Each structure stands twice: as structure tokens, then as C-alpha cells.
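Written below as C-alpha cells is the structure these notes are about.
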Amino acid sequence: MNGDNNGSQSGDGSLNVGVGDFRGATVHVGSGHPAFTPEQMALKRHLALGGASVKTETLNVFGVVTGVVSIIGLYFTLFQPFPQPLHSSWSALFMFALGLAAFSFVVAAVLRRKRFEPFLFRKYYLEAGTDDGIYLSSFTATCPWCRSRMTLRNLGPKNGPRYDSFVCERNPQQHTIRLDPTVLPEIQE
Ligand SMILES: [Zn+2]
């Protein structure tokens, strides 16, 4: 009954589900994924951490600093200027700092391009604001079919194509709406 997602199609040209680097979307073109405007879904953004943000600049500086730390850690790991007991902690520091540095750079680079990226527990997202800030946010909406609450989830297999869908709490199998992050309102700074 409600399974056929023949929701109202908006004529608004800005709603192009599946455009851009929206992973896996081409597979589903024309297969009954309707488009709704954020207004139709009563889409709400919830800024986590009280709306605190990090500047992209800060993230890059952080990446450089941890990158340097990881090189220092690598140096001590390879050459071991100190007695043995310190060895393992230096290599752990190296791995940890290297991971943080790589992560900081990747996040900064991805957000500059996409402005929106799944981040934590498949339900928290990193977003770029209008002035270089990076925010942690989650999203809810109202199901257009049954008026239940929907939450935005990053779905898909661990290593396979993932996508972001609003999932209805009452009928999570059938009431889903795939999100085109480009229709989200900007975070004004
Ligand atoms: Zn529903």
C-alpha cells in the first residue's frame, strides 16, 4: 500500500537526487525514489556540541602538528636512541599521530569539496559552514507518508556503497528518502 514511494515530485530544479558524487545513486535512478523538498519533510538540522565549530584552518594546522609528531615518533621507532623499554610507546605514538594527521587532512579536504560527510555512528555528520567552520550535526524529519519521525542514517555495507537516507521510525523498510545533501540549507556563520 504505502510501499510504492510515489510521493509528490517537486518541479523545483534544485532537487536532483542522484546528481554529483552521490555514491551509488545512479543504480537507483528512476526506481521510485521520490524527491521531497526540505519543507515538505519538515527537515531539521541539530547541531551537536552546542553548535561548536572547528575552523578548517585549525584542522590543517592540527594535521601539520600531528604529522610532525608522527615523524618524530617514526624517527625514534627506527633509530631507538633511547633504551629498549621506550621503543613500543614511540611506535604507538607514531601510528596514533600519523592516523590523526591523515584524518585531519582528509576531513578538511573532503569537506571543502562536499561540505557534508558522514562521521560518527552512521548518524552524525560533519558539515562545512559558509565561512570555513566545520560542524557536527544530525538530522530529523517528518515522514511524508505517515507523519512519524524520521532520522538521517548513513546506510549500506561496511565496505560497499553507502548512502544517506531518512528512515521512518514507524515503517523503516518502506518509508525511506534518500538525501541529496546539496538541498540542505547552508549553515550561516
Ligand atoms: Zn513513515
Side-chain angles (χ1 to χ4, degrees), residues 1-54 56 103 106-189:
M1 185 176 75
N2 283 328
D4 297 322
N5 294 346
N6 297 316
S8 55
Q9 300 282 339
S10 167
D12 182 352
S14 69
L15 281 168
N16 296 310
V17 172
V19 163
D21 52 2
F22 202 38
R23 287 167 295 179
T26 47
V27 184
H28 295 273
V29 167
S31 70
H33 281 273
F36 291 96
T37 63
E39 290 74 30
Q40 285 172 320
M41 300 167 57
L43 192 154
K44 281 198 188 71
R45 170 191 280 124
H46 307 274
L47 291 177
L49 310 173
S53 68
V54 177
T56 312
F103 177 77
V106 167
V107 164
V110 164
L111 282 178
R112 193 171 302 125
R113 191 163 46 87
K114 294 178 63 180
R115 311 188 69 79
F116 177 90
E117 184 67 9
F119 180 58
L120 266 183
F121 312 127
R122 296 191 171 207
K123 61 175 285 200
Y124 286 98
Y125 295 81
L126 286 177
E127 287 190 284
T130 49
D131 186 30
D132 228 28
I134 295 171
Y135 295 83
L136 184 65
S137 52
S138 62
F139 295 86
T140 57
T142 302
C143 179
W145 293 283
C146 72
R147 313 308 299 172
S148 298
R149 192 178 123 100
M150 301 180 104
T151 49
L152 184 65
R153 309 300 302 258
N154 181 247
L155 303 173
K158 213 170 184 180
N159 299 311
R162 302 265 286 267
Y163 50 89
D164 302 297
S165 274
F166 281 99
V167 179
C168 173
E169 286 181 347
R170 189 169 166 197
N171 187 346
Q173 267 80 39
Q174 292 166 302
H175 299 177
T176 61
I177 300 169
R178 212 178 263 206
L179 173 72
D180 174 356
T182 60
V183 306
L184 293 173
E186 302 260 292
I187 300 178
Q188 300 294 336
E189 299 187 296

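In this text the structure is predicted, and so the values were computed from the model without any measurement.
- Relative ring orientation between F139 and F116 is described as tilted, the plane-to-plane angle lying within the 30° to 60° band.
- The shortest side-chain heavy-atom distance between L155 and V167 falls under the 4.5 Å cut-off.
- Inter-residue side-chain proximity for E127 and E117 is flagged as unmet; no heavy-atom pair is nearer than 4.5 Å.
- Considering only residues two or more places apart in sequence or on other chains, E186 meets the salt bridge (Lys or Arg N to Asp or Glu O under 4.0 Å) condition with R115.
- A pairwise comparison of heavy atoms in P144 and F36 identifies CB-CE2, 3.7 Å as the closest pair.
- Not a single side-chain hydrogen bond (donor to acceptor under 3.5 Å, both in side chains) links T151 to another residue, sequence neighbours left out.
- Separation of atoms CG (L47) and CD1 (I187) is listed at 5.5 Å; rounding is to 0.5 Å.
- Across N154 and P118, no two heavy atoms sit closer than the pair ND2-CG, 3.4 Å.
- Side-chain atoms of D180 and D164, non-hydrogen and from C-beta on, never get closer than 4.5 Å to each other.
- Using a 3.5 Å distance cut-off with no hydrogens or angles, the side chains of S137 and H46 do not pair a donor with an acceptor.
- The two residues C146 and H175 make their nearest non-hydrogen contact at SG-ND1, 3.6 Å.
- Note that CD of E169 and CE of M150 are 9.5 Å apart. Values are rounded to the nearest 0.5 Å.
- E189 contributes a side-chain N or O that, together with a main-chain N or O of G133, makes up a donor-acceptor pair within less than 3.5 Å.
- Atoms CZ and CZ, on R147 and R170 in that order, are 12.0 Å from each other to the nearest 0.5 Å.
- Taking CD from Q173 and OG1 from T176, the interatomic distance works out to 9.5 Å, rounded to the nearest 0.5 Å.
- By the 4.5 Å heavy-atom criterion applied to side chains, S148 and T142 are not counted as neighbours.
- When side chains are defined from C-beta on, S165 does not count as touching R153, because their heavy atoms never get closer than 4.5 Å.
- With a 4.5 Å cut-off on side-chain heavy atoms, Y125 and L152 count as touching.
- Looking only at distances, no side-chain donor or acceptor of R45 sits under 3.5 Å from a matching main-chain atom of L184.
- I177 contributes atom CD1, which lies 6.5 Å from atom SG of C143 (distance to the nearest 0.5 angstrom).
- To the nearest 0.5 Å, the span separating SG on C168 from CZ on R149 amounts to 11.0 Å.
- Judged as a ring-ring contact (aromatic ring centres under 6.0 Å, His included), and not counting sequence neighbours, the contacts of F119 are F103.
- With a 4.5 Å cut-off on side-chain heavy atoms, L179 and F166 count as touching.
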